[in-house]
J.: 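Dropping a structure here in structure tokens format, bear with me for questions.
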Number of protein chains: 12
Amino acid sequence: MSDHVYKKIELTGSSPTSIDDAITTAIAKASKTLRNLHWFEVTETRGQIEDGKVAYWQVTLKVGLRIED
Amino acid sequence: MSDHVYKKIELTGSSPTSIDDAITTAIAKASKTLRNLHWFEVTETRGQIEDGKVAYWQVTLKVGLRIED
Amino acid sequence: MSDHVYKKIELTGSSPTSIDDAITTAIAKASKTLRNLHWFEVTETRGQIEDGKVAYWQVTLKVGLRIED
Amino acid sequence: MSDHVYKKIELTGSSPTSIDDAITTAIAKASKTLRNLHWFEVTETRGQIEDGKVAYWQVTLKVGLRIED
Amino acid sequence: MSDHVYKKIELTGSSPTSIDDAITTAIAKASKTLRNLHWFEVTETRGQIEDGKVAYWQVTLKVGLRIED
Amino acid sequence: MSDHVYKKIELTGSSPTSIDDAITTAIAKASKTLRNLHWFEVTETRGQIEDGKVAYWQVTLKVGLRIED
Amino acid sequence: MSDHVYKKIELTGSSPTSIDDAITTAIAKASKTLRNLHWFEVTETRGQIEDGKVAYWQVTLKVGLRIED
Amino acid sequence: MSDHVYKKIELTGSSPTSIDDAITTAIAKASKTLRNLHWFEVTETRGQIEDGKVAYWQVTLKVGLRIED
Amino acid sequence: MSDHVYKKIELTGSSPTSIDDAITTAIAKASKTLRNLHWFEVTETRGQIEDGKVAYWQVTLKVGLRIED
Amino acid sequence: MSDHVYKKIELTGSSPTSIDDAITTAIAKASKTLRNLHWFEVTETRGQIEDGKVAYWQVTLKVGLRIED
Amino acid sequence: MSDHVYKKIELTGSSPTSIDDAITTAIAKASKTLRNLHWFEVTETRGQIEDGKVAYWQVTLKVGLRIED
Amino acid sequence: MSDHVYKKIELTGSSPTSIDDAITTAIAKASKTLRNLHWFEVTETRGQIEDGKVAYWQVTLKVGLRIED
């Protein structure tokens, strides 16, 4: 990790399928415009309910990305 | 959301299968007797271990429901 | 639970597949050398990112085991 | 307070006007069906944004009520 | 624990005697009207002071009860 | 919420008038350069004191905005 | 701020009017006997309920004051 | 509670006997020099161990006292 | 404390009698196999309920022990 | 602070030397591309270990910067 | 620690030099007017930034002092 | 990190010199008897005071070590 500096951004991904899918959706979207994504940490797991079922899983995560020199 | 008032209740669902299934089990059960469930947020993820395996996943969530007029 | 005494240890499991799999991996590994594992509670969910995808899911959990007499 | 027992319930009130109004709305609504409300404590202050303005203030509070004998 | 679903309620018991007594008072009261109480967890320990002595111990606990089928 | 991805940013607004005004000031400022602001959550309420009065109310909030496709 | 040392004290102000007024009441009272009050941070917002209304708003804050040389 | 202002101080009491006794010891001591003690809330429960036994119970509490006019 | 190094372990003791007894039970058990136990801090107080009474008090504590040279 | 609005960003700096140096490294790097950095607050202190020594100190901090008009 | 009672006060020290120096500055200042200071615990580490450098390190700590008989 | 499993242990190091030194002392000591130490995270910074000076810095850290196959 030498003397690199990292930035953490906070994202919320959503998915009709699962917790894991909400996370991968958020990361896939972020990686379209940001480079050097390194790691994430989950800070919140929520969801919307419709008709007694989970309509959307919503997961908030902090994503660490290396700032380029 | 206008001037609605919501109540949050706290539930623990369990499942032999997965974290996601423990959540959907809790919500399905609650929706049998309660109306207007809107959203949930996970507050605890635990489980019981037997023979080196997860016997039951136990997830605690707060569920928000709209109080009817 | 009578007058048993339990010890909690903290483990981090990782998996290329899913959150649930990272947990079961940690528990399976711990059960090879430790007896009487009873329950776990998740304390952190993180992961490594490569090429816009989750390369490894890393889940930290506290595991409770009964101290034998 | 002698040997009374109290129950805490968690409510979210909303208002287009202010934080204070979201709280009083939640309490007024709860007092229509519940008796013996004694105190509250705020646990979350959030809101919805529309056109660069706060459309709704949403405040979550725990309300303590005395259980009658 | 199979696929049961549990509900957590939050209670505050008080007692002129001790912390432990405030807890047992809250649970005894709750068990008069609720069935299937399984476990509790303490979330707050407070008290009222009069004349340099503890007049009342007040303990808040979450109580888990199994929802019947 | 379908499969949208949201970003949370953290802002501190200040106002000589009130808590509510410090929040609306921060949101108004942010909406000049950012689109799709959806919700906020308060994380800190502070202030500066001068001559025994509140000179400035300072409120920190996380603001969620939808990332456009 | 050079090499000044500050002390933080914790106060609870109450007001029949509003959250903001409970804060200004606490600060006004403290400034009668203490000098060099610089800033505050809110740690708890509570209140007493009577007849379905907020009878008193009670806000706890930490106040920072500069220790004189 | 009208428009009174309260101050919270933080004390640690110790006792060779019990948790409850460490609390009453701290309050008894504080009431020798301070008036108008109203309530307390426990923030930490610790202790010293000697020869496999609890030599001293140490409980930290915040005590609220009314500031006189 | 000079340049000693301490290790903290986390234990859960249980007792049918009281909170204090659950703690002393855990420490007594740990001291049978571990030396140099110095202090503890309570992290969780829970219990099992049967027939409207506390069947078992369960207290989790971190125990600090000095690592020998 | 009048009616300025501030943004908080979260950075992780690393250094082979010390905690303080990891912080100054992160701030120096951020100040190359961002103006009006005002204050920081440390949220996490971690590090990598190699051969029984700290190879890298890693400190995460939130940095507040004034948004220009 | 027998049956002594301790008071905790909260201080913020600042220093242009380092985190450690901000702590020792706060303690040195407090010890000029207070006796029996025993221990401290850090609760916040912050700082002011000027020209891309840390102008002042600001560390908040709780200091425990024994109340004399 | 593939499918490795890590264990976190909690240590408190002390030093008469500095925060950084208390951390390196704890890690050096642990590495004498444990292999595969990978990372640490600080959870508490405390100290003992004597004669208005810091006699010992005491830092608690969690250390992650890889469990060997």
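Just the heavy atoms: all of them, side chains too, but no hydrogens, waters or symmetry mates, feed the values below. Protein chains get the first letters and strands the later ones, always in sequence-line order, with residue 1 at the start of each.
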J.: Answer whether the closest heavy-atom distance between the side chains of F40(F) and R46(D) falls below 4.5 Å.
T.: no
J.: What closest approach, in Å, do G52(D) and I27(F) show between heavy atoms, and which atom pair accounts for it?
T.: O-CG2, 3.7 Å
J.: Apply side-chain contact (heavy atoms from CB on, under 4.5 Å) to residues I23(F) and I19(D) and explain how you reach the verdict.
T.: CA-CA 11 Å; I23(F) 295 171; I19(D) 291 175; 4.0 Å; yes
J.: Among V42(F), D20(F), T24(F), N36(F), who wins on heavy-atom pairs under 4.5 Å with chain D?
T.: D20(F)
J.: To the closest 0.5 Å, what do you measure between CD (E41(F)) and CD (E44(D))?
T.: 7.0 Å
J.: With a 6.0 Å cut-off (strictly less than), is the heavy-atom count around NZ of K7(F), excluding the residue itself, greater than 12?
T.: no
